[in-house]
Visitor: 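Here's a structure for you.
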Amino acid sequence: MIETKEKFEFSSKNQIKADQYISRYPAGKQQSAVMPLLYLAQNQNGGWLNQAVLEYIADYLSMSAIKVYEVATFYTMYNLKPVGKHHIQLCRTTPCWLRGANSIAEAICEKLSIKHGETTPDGKFTLTEVECLGACVNAPVVQINNDFYEDLDKKSMKKILELLQENSTPSSGSQKQRHTSAPQSGPKTLITLGEK
Amino acid sequence: MPTLIIDGNEIDVQDGSTVLQACEEAGIEIPRFCYHQKLSIAGNCRMCLVELEKAPKPIASCAMPAADGMIIRTNTPSVKKAREGVMEFLLINHPLDCPICDQGGECDLQDQAMAYGRDSSRFGETKRAVKDKDIGPLVGTIMTRCIHCTRCIRFGEEIAGVEEMGAIYRGEHMEIGTFLEKSVKSELSGNLIDLCPVGALTSKPYAFTARPWELKKTETIDAMDAVGSSIRIDTRGREIMRVLPRLNEEVNEEWISDKTRFSCDGLKYSRLDRPWVKKDGQLTEATWDESFNAIKNKLSTLKPTQIAALVGNIVECESIFALKQLMTNLGSPHIDCRQDSTPFDNEYRASYIFNTGIAGIDQTDAILLVGTNPRLEAPIINARIRKRSLQSNFSIGLIGNDVDLTYKYDNLGNTPAILDEIIKGNNPFSSILNKAKKPMLIIGQGALSRDDGRGILQKCRIIAEETGMIQENWKGFNVLHTAAGRVGALDIGFLPGTNGFNTNEILDQAQKDSIKLVYLLGADEIKTNTLENTFVIYQGHHGDAGAKVADVILPGCAYTEKDGTWVNTEGRVQKATAASQPPGDAKEDWSIIRALSDYIEGELSFDSLTDIRSTMTKEIRVLGLIDKQSPGNWGTFGEDCTIQNKLPFKLPIDNFYLTDPITRASPTMTKCTETFYSNRIRENVTDG
């Protein structure tokens, strides 16, 4: 965890959201809302959590800082180090790996000249290896911030990164224009469904 | 009451017991790491597996409630195999460093590996290593040894009330640690060392100094505060290596405070190890004979009323009794044991003891704290209050400084005026007290050691009487003392006789030169500057404030070096046993007074500890009732006086770690002060 003397505070919008989360639990059990609140705070804080944020959340929920820290270290989706503007989460679990996750990783590393767990010097990209993202049908998969990019190969991966470098938005989902998770050659079942 | 069959024997256990407790009841030892009888159940080490008939696999007995008709087997091959499997996993990441580990010889993991461990490891991969954490000057960490039983986390949360330790990261990477690397700020942190079943948390001051099997163990009583915790002192030769708690449900359960545990290194430094006599304004080494003669010569020039005696905080009953006899024989009424000028007298015993007993806190449903911070004055009692506060149907109010007591309380304010409000029923808390079935009041020395102390004492008595604290089998009037020897001295009546002076008057009269000789028996917590022109006899064990102004120094024993009777704040009489010998020429305190009496007119009649004890217990019955808390008689005590209603109560203990000559000489206690009171040290430095 990175120690800091800066202060953190929810924006007024997030404060309303936070209180909504807390109101979902019985009175006195506000600590149950620690996970959504941490996620909210992480998004507000540029994608990561530091000492000030954890202390703020602990105070907000009247719990000890170590308990918040326990939660934040247990779940991998809370980042305890700064991440780039685009946080690339590369799936490395078996289906993606079988479908060429290694070459996707190579493509990212070549394009951005960073290794796993590193951030580009301009602070734009961070590459993290993660476990299954739950989109195995369209493996290999990469999650960038809140979007999934599926059916990747080296070329399409590099293209996405180029677009992001130019500050434009690449289209998310299958990069092979597959409709959801239907076969690549087009739907084979329920084809008459749309005709009716 | 469920009935179980354990290894073929039928046994009845109490409702709410676990299978593990049932097995213990049946006399079967179940190996365990995470289970501890004073902590909540975690069930994560899996070492306590037993076989339950009709269950598909072994069960963790610590977490399984005992139910009627259960058939438990603890000695089958499958149980042994299951435990061996658990042990093998625990040892995967545990280093094989027993020869350099302080826990070696008293380690649960080592012991249980003898029964369930393999002779060699099947684990060929690399073991994990974990970075050590700095959690303060008392508890050392070697985190690679940790087996994640989480006892330390649960202790912090449940007993000490400081949520500072936690389990961070997960799975293979799980570590015990703190939020930010900082010292665990608890007066009970030393107990983590006892709780840790392996060598992950060890004692820093004791590190690498001794092995458990080379130590002589003496079971005795602590004197660092007025709780009188049961302790075991481990010595090697004359040196005290460490202090550990003993189980005593009535007093300290199984905890002791850090001061009790770690101040023992103060017994090695600044000791008085030979008599000293002032010659031509300079203290010079002397023999016992010379020092007694010096006292004799001085006494022969004085009238009895020019002599006074004061008793300090850490003095046992026998020597107080001997000194009182000596002063009586010399004909002086000027004796006092109340260094902090509290208003106690010994007419009614109930007026100066913790009447409900420490265990009484478990039964109470409302506590009113007056002018006290039990966290610093008696951490063990504070832990007991905290334990009660975690259960339902309990309220607690404090008249005193707003401090962190580790539990929630209502702060009613910090002036004596609140006492009047409660008596008159104008305070919201008085209705709480009135409704409570067994309310109690805990009054600290801070409320009493002031000019209007006797008035405060009276008001507190009235509150106790008015709010129903005084019942047939319940006297909810509790005095929390800070000095280990105080209640004993009050029982003996080491108090001014007819026309006698109290502490402040003795010091005043000494300055005015009408008191010409003062006998200080371990009395260091007084304003000694008024004694500069008085002939001072200091008898004690440390060269502290009293010894600095002394004309004759008589070296005595510290509490660990003498057999003695102590009375704790509850009025419980306990016997201490000498664990080691005093340094140099120092002698047992009662025998010094006895020997001195031969030189002066006032010979004492006893010649041995047995003699003095039988004389003492004949005169003061209550001191003969060892290990019992005798009820005190109730009466009208306290006095009407003008009360400074706006003057806030001042707490008697400011720095928990430095309170008496022993702690002031202790390097460990100094280190604690540097760590936990760092801002205050800087202030003192500027003061010069």
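A note on names: the letters A, B, ... follow the listed sequences, proteins ahead of strands, and every chain is numbered from 1.
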Visitor: NZ of K154(A): more than 12 outside heavy atoms within 6.0 angstrom?
Guide: yes
Visitor: So does F123(B) have more than 12 non-hydrogen atoms from other groups sitting under 6.0 Å from CZ?
Guide: yes
Visitor: If you round to the nearest 0.5 Å, how far is OH of Y75(A) from CZ of R170(B)?
Guide: 8.0 Å
Visitor: Does K185(B) have more than 12 heavy atoms from other residues, nucleotides or ligands lying within 6.0 Å of its NZ?
Guide: yes
Visitor: Considering non-hydrogen atoms only, spot the tightest contact between F74(A) and Y169(B) and give its length.
Guide: CD1-O, 4.3 Å
Visitor: Does the T73(A) side chain pair with the main chain of I168(B), one donor and one acceptor, at a distance under 3.5 Å?
Guide: no
Visitor: Pick one of side chain, backbone, both or neither for M165(B), based on which atoms fall under 4.5 Å of a heavy atom in chain A.
Guide: backbone
Visitor: Is E70(A) close to chain B through its backbone or its side chain, or both, or neither, when contacts mean heavy atoms under 4.5 Å?
Guide: both
Visitor: What distance separates F179(B) CZ from E55(A) CD, expressed to the nearest 0.5 Å?
Guide: 4.5 Å
Visitor: Take atom CD in E6(A); do more than 12 heavy atoms of anything else shown fall under 6.0 Å from it?
Guide: no
Visitor: Within the supplied structure, the quantity of interest is the number of heavy atoms (other residues, nucleotides, ligands) at a distance under 6.0 Å from K176(A) NZ; does it exceed 12?
Guide: yes
Visitor: Does K155(A) have more than 12 heavy atoms from other residues, nucleotides or ligands lying within 6.0 Å of its NZ?
Guide: no
Visitor: Please determine whether the number of non-hydrogen atoms from other residues, nucleotides or ligands lying under 6.0 Å from atom NZ of K204(B) exceeds 12.
Guide: yes
Visitor: Tell me the closest heavy-atom pair linking L180(B) and Q51(A), and the distance in Å.
Guide: CD1-NE2, 3.4 Å
Visitor: When rounded to the nearest 0.5 angstrom, what distance separates NZ in K67(A) from CD in E157(B)?
Guide: 3.5 Å
Visitor: Indicate the atoms forming the closest heavy-atom contact of S64(A) with E163(B), along with that distance.
Guide: OG-OE1, 2.7 Å
Visitor: By a 4.5 Å heavy-atom criterion (distance strictly below it), what part of E164(B) contacts chain A: side chain, backbone, both, or neither?
Guide: backbone
